[in-house]
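Here's the structure, in structure tokens; my notes come after.
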Amino acid sequence: MAEAFFNEVAAAIGAEWINRSEETLRRYGENTMPGGDRRPLGVIYPGSTAEVQAIVKAANRHGVALYPVSTGNNIGLGSRSAVHAGQVVLDLGRRMNRILEIDETLAFAVVEPGVSYQAMYDELVRRGDKFMVDVTSGPPQGGMLGNALDKGAGYGPYFDHFGFSCGMEIVLGNGEVLRTGDGALAGSELPNWHVSKYSFGPILDGLFAQSNFGIVTRMGIWLLPRPPAVRSFHFTYPDDDDLAEIVDICRALKLSNFVPTLLRVANDVYLCGSEHPSPEYRPGSRTSISDAGRRALREKDRLGAWTVSGAFYGPSMAAIEPQIERVRAAFGKSGKATYIPHEEALGFHALQVAINACSGVPGVGELGLLKWRPGGGNLWFLPGTPMVGSIANECQRISRRIYAEHGMDYMIMNVCSARFARGLHVITFDRENPDENARANACYEALARAYAERGIFVGRAPLDYHALHMGQAMPAFRDSCTAIKAALDPAGVIAPGRYGIA
């Protein structure tokens, strides 16, 4: 069955675009999850939507499961690894890596899955640096299309990467091609497909975010005109329970949209962990970093128990100063916050990451978190919590307790918008130590249960836990996903198991 599939695909797209070598299967199965690597059946590199169609139709005929990835840099959530071993990885990013269009009048780009944040940044700079794309603080080689489909986010005004996409081309599980929005209207030569978000009929785009209903082969992404000046601001707070004050201030600043960026509220271990390995970790240790160890890190890096970062945009640095003074007044009322101005923050490597993120500049600064503990294990737990200070403190106490019970180091950045914050909990562990690996898994599952009991769901999930989180949803939600899957991918060939959808 598998051999007949690969033979048919080779005839359709060329045998040179199929790789089943031992080294390739090993690399594509790698991830940072406690559940272990997932060895694929093979890897295929399509070069066009038509080739994706041919592969999907062959998979239907031969009963082969496909697992599409863009650039495979989803570190902490699964990388390029399929949910289940034995699936064929469809690496869309290797050959489908073209920026198909940049419209400088209406400020949008059209990209294939392999276009990374770095590639788009470089092209925009080459064209005069008139526009910026909202970036993540993750790997610069991360795919823009893949991040948007996984509901990833950045930090500037266009932080909602799926929300600021418009118009998609999708190969459905039955091999048909769907274009959403105005793309559904045949023959149009106007740019409406990528600027008119809400066209006639149901809005189908959302069906293809965090699902396995189809394979997106192109997407429109809106660009922000680059402001002449970006001026950041930063505040440190000394105590863990100061989070309540921080969140309430951030809510007020964001509800009016006075601050155009999101506000990054990172704890000491998150920021210092991007700079240094843990000073207290010992192989086989079953304890978290001590409070004294955290204080020593803060003193060394001149950071706080919490550090707040954001930015303003304007025609010049001087013109932004009144906004800076207003935000200083907001955070300065209690006397607990210490202000770090933009010019000084440029000398803090950990704060340069925030400045880059708010400026649309890709960077590798936060990849240092992978070295906090040895062994290559990394998980993200990503709940969305209300922007209410008392609830924020309640949630951090829940998380700190669970981390401590499992001997993990509490590492979090709260990315604060007006009404909710995404809590980027990082679990870094020695994946090669069976006991520590098991404790990391138990820590994640305990967090997932505790937050669900409070009515708080995650926004994204590592591949080890797709089924767990789908099981937490109400039956009507699960049944609806199953019904849509049956309609759009009746043979179930696209990524069975992704996000818990069989």
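Since the structure is predicted, the reported quantities are computational estimates derived from the model, not experimental observations.
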Just wondering, do [Y] and [X] contact through their side chains at under 4.5 Å, heavy atoms?
X    : Y    : value
E112 : L92  : no
C395 : R454 : no
Y121 : Q118 : yes
I484 : L207 : yes

Can you measure from [atom1] ([X]) to [atom2] ([Y]) and round to the nearest 0.5 angstrom?
X    : Y    : atom1 : atom2 : answer
N267 : D240 : CG    : CG    : 8.0 Å
D242 : S334 : CG    : OG    : 7.0 Å
S309 : Y155 : OG    : OH    : 10.5 Å
R251 : L263 : CZ    : CG    : 12.5 Å
M317 : I324 : CE    : CD1   : 9.0 Å

Is the closest basic N to carboxylate O distance between [X] and [Y] below 4.0 Å?
X    : Y    : value
D239 : K336 : yes
E275 : K300 : no
R295 : E299 : no
D150 : R498 : yes
D435 : R439 : yes
E453 : R449 : no

*asked:* Which label fits F381 and Y451: parallel for a plane angle under 30°, tilted from 30 to 60°, or perpendicular past 60°?
replied: perpendicular
Exercise for the section: Kindly assign one of parallel, tilted or perpendicular to the pair F164 and Y158, based on the angle between their ring planes and the thresholds 30° and 60°. Expected result: parallel
With a 3.5 Å distance limit and no angle check, can you tell me whether [X] reaches the backbone of [Y] through a side-chain donor-acceptor pair?
X    : Y    : answer
N212 : I501 : yes
D409 : I289 : yes
H194 : C166 : yes
D248 : G389 : yes
T428 : R373 : no
S274 : A350 : no
H234 : S232 : no
D134 : G156 : yes
D464 : M33  : no
S399 : Q396 : no

Paired with F331, the ring-ring contact (aromatic ring centres under 6.0 Å, His included) test is passed by just one of Y339, F235, W306, namely F235
Of Y444, Y499, W380, the one forming a ring-ring contact (aromatic ring centres under 6.0 Å, His included) with Y465 is Y444
Sorted by chain and number, sequence neighbours left out, side chain to side chain contact (heavy atoms under 4.5 Å, CB included) with N257 holds for K254
Just by distance, with hydrogens left out, do [X] and [Y] show a side-chain donor and acceptor under 3.5 Å apart?
X    : Y    : value
S288 : Y403 : no
Y198 : D205 : no
H349 : Q352 : no

From the list D241, L243, I402, side-chain contact (heavy atoms from CB on, under 4.5 Å) partner of R397 resolves to D241
In V265, L262, I249, the residue satisfying side-chain contact (heavy atoms from CB on, under 4.5 Å) with C416 is V265
Open item on the list: Centroid separation under 6.0 Å, is that true for the rings of H276 and Y281?
Closed with: no
Residues pairing under salt bridge (Lys or Arg N to Asp or Glu O under 4.0 Å) where one sits in residues 309-332, two or more places apart or in two chains, turn out to be R231-E321, E325-R328
Acceptor/donor pairs from residues 77-84 side chains to any protein atom, 3.5 angstrom cut, sequence neighbours excluded:
unit_1	atom_1	unit_2	atom_2	d
S81	OG	N31	ND2	3.2

